Colleague: 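Here you go, one structure.
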Amino acid sequence: MIKRIFALLLSLVFTTVCISATAFATTPEPTRHSIEIELNPGESINAVPTPDAMPAMWNQESHTVEAGTVLYTLHFNIPDRYFAYEVTARYPSGATSNETINVSLMYGSTTAIAGINVPLDNQPHKVDWIDIDTSAMYLFKITNTSMNNMYVNIVYYSWA
C-alpha cells in the first residue's frame, strides 16, 4: 500500500514538473525599438524621400581669404524658396585651430540674411532652412579678422 501511495505521489510530482516546464516554454516577446523622426515642411515619411524634400546641391566654391580682409563672392540667384549652405574652413596648409571665420549670406551687398562663425576644424558647418526671395540677387561675404590666411569651402543647397 505504501508503495502505491508513493508511486501515486511520485507520478503527481512528475506530472506537475512536466506541466510547469511547458508553461515556461513560451515564445519570447519580440524586442521593440522606438525611432524618432523629425520632419521639416515638405518632407515625406516614405522610405524614399520625395524629390521636393531633397535639397539639391547646385554650386560649390572655394576661396583663400587673406588675413584681416573681407571677400565678397560673385552675385547669384537662388532658384528655389529654401536655401542652405555648408562651410568648411582650415588654414591653406591644411592645419586646423579654434580660430573662426565668418561667412554670411547677403541680400545685395549690404543686408545679411544669415551668417555663421566657422572654426578652422576642417569640418562642415551648416546654415539651414533659409527662406529667401527667388527674384533677388545674393552673394557671400567672408570676413577674416585673423592675422592668418584661411581657406574656405562653401557648398550651396536649395529646394522648393
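Please read these numbers as outputs of a predicted model, since none were measured by experiment. As a basis for the values below, the full set of heavy atoms in this structure was taken, side chains included, without hydrogen atoms, waters or symmetry mates.
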Colleague: Met147: which other cluster members, linking ILVMFWY side chains closer than 4.5 Å, directly or transitively?
Modeller: none
Colleague: Considering non-hydrogen atoms only, spot the tightest contact between Asp128 and Ala84 and give its length.
Modeller: OD1-CB, 3.3 Å
Colleague: Applying side-chain hydrogen bond (donor to acceptor under 3.5 Å, both in side chains), can you list everything that pairs with Gln123, at least two apart in sequence or on another chain?
Modeller: none
Colleague: If you define the side chain from C-beta out and look only at heavy atoms, does anything of Val103 sit under 4.5 Å from Val152?
Modeller: yes
Colleague: Can you tell me how far CD1 of Ile78 sits from CH2 of Trp159, rounded to the nearest 0.5 angstrom?
Modeller: 10.0 Å
Colleague: Enter the distance from Ile113:CD1 to Ile130:CD1 here, rounded to the nearest 0.5 Å.
Modeller: 8.5 Å
Colleague: Taking the side chain as every heavy atom from C-beta outward, state whether Tyr156 and Phe83 have any atom pair closer than 4.5 Å.
Modeller: yes
Colleague: Any idea which heavy atoms bring Ala136 and Tyr107 closest together, and the distance?
Modeller: CB-CE1, 3.2 Å
Colleague: Please identify each residue that fulfils side-chain hydrogen bond (donor to acceptor under 3.5 Å, both in side chains) with Ser93, with sequence neighbours left out.
Modeller: none
Colleague: Using the side-chain hydrogen bond (donor to acceptor under 3.5 Å, both in side chains) criterion, which residues pair with Ser104? Sequence neighbours excluded.
Modeller: Asn102
Colleague: Taking the side chain as C-beta and beyond, is there a heavy-atom pair between Ser158 and Tyr82 under 4.5 Å?
Modeller: no
Colleague: Rounded to the nearest 0.5 Å, what separation is found between the OG1 atom of Thr88 and the CG atom of Asn122?
Modeller: 6.5 Å
Colleague: Would you call Ile154 and Ile142 a side-chain contact if the rule is heavy atoms closer than 4.5 Å?
Modeller: yes
Colleague: Under a single-linkage rule joining Ile, Leu, Val, Met, Phe, Trp and Tyr whose side-chain heavy atoms are separated by less than 4.5 Å, which residues share a cluster with Met106?
Modeller: Val70, Tyr72, Leu139
Colleague: With rounding to the nearest 0.5 angstrom, report the CG to CG distance, Asn144 to Leu71.
Modeller: 10.0 Å
Colleague: Who passes side chain to side chain contact (heavy atoms under 4.5 Å, CB included) against Ser97, sequence neighbours left out?
Modeller: Tyr91, Glu99, Leu120
Colleague: For the atom pair OH (Tyr138) and OG1 (Thr73), what is the distance rounded to the nearest 0.5 Å?
Modeller: 13.5 Å
Colleague: List in chain and number order the residues that pass ring pair (Phe, Tyr, Trp, His ring centres under 6.0 Å) with Tyr85, two or more places apart in sequence or in another chain; answer none if no residue qualifies.
Modeller: Phe140
Colleague: Are Pro119 and Asn98 side-chain neighbours, meaning at least one heavy-atom pair lies under 4.5 Å?
Modeller: no
Colleague: For His125, which residues count as a side-chain hydrogen bond (donor to acceptor under 3.5 Å, both in side chains) partner, sequence neighbours excluded?
Modeller: Asp121
Colleague: Among all residues two or more places apart in sequence or in another chain, which pass the side chain to side chain contact (heavy atoms under 4.5 Å, CB included) test with Ala67?
Modeller: Asn149
Colleague: List the steps and the verdict of side chain to side chain contact (heavy atoms under 4.5 Å, CB included) for Val118 and Thr100.
Modeller: CA-CA 5 Å; Val118 179; Thr100 61; 6.0 Å; no
Colleague: Does a side-chain heavy-atom distance below 4.5 Å link Met137 with Asn77?
Modeller: yes
Colleague: Quick one: list whatever passes side chain to side chain contact (heavy atoms under 4.5 Å, CB included) with Ser135, sequence neighbours left out.
Modeller: Asp133
Colleague: List in chain and number order the residues that pass side chain to side chain contact (heavy atoms under 4.5 Å, CB included) with Thr134, two or more places apart in sequence or in another chain; answer none if no residue qualifies.
Modeller: Ile132
Colleague: Taking only residues at least two apart or on different chains, which pairs with a member in residues 81-98 satisfy salt bridge (Lys or Arg N to Asp or Glu O under 4.0 Å)?
Modeller: Arg81-Asp131
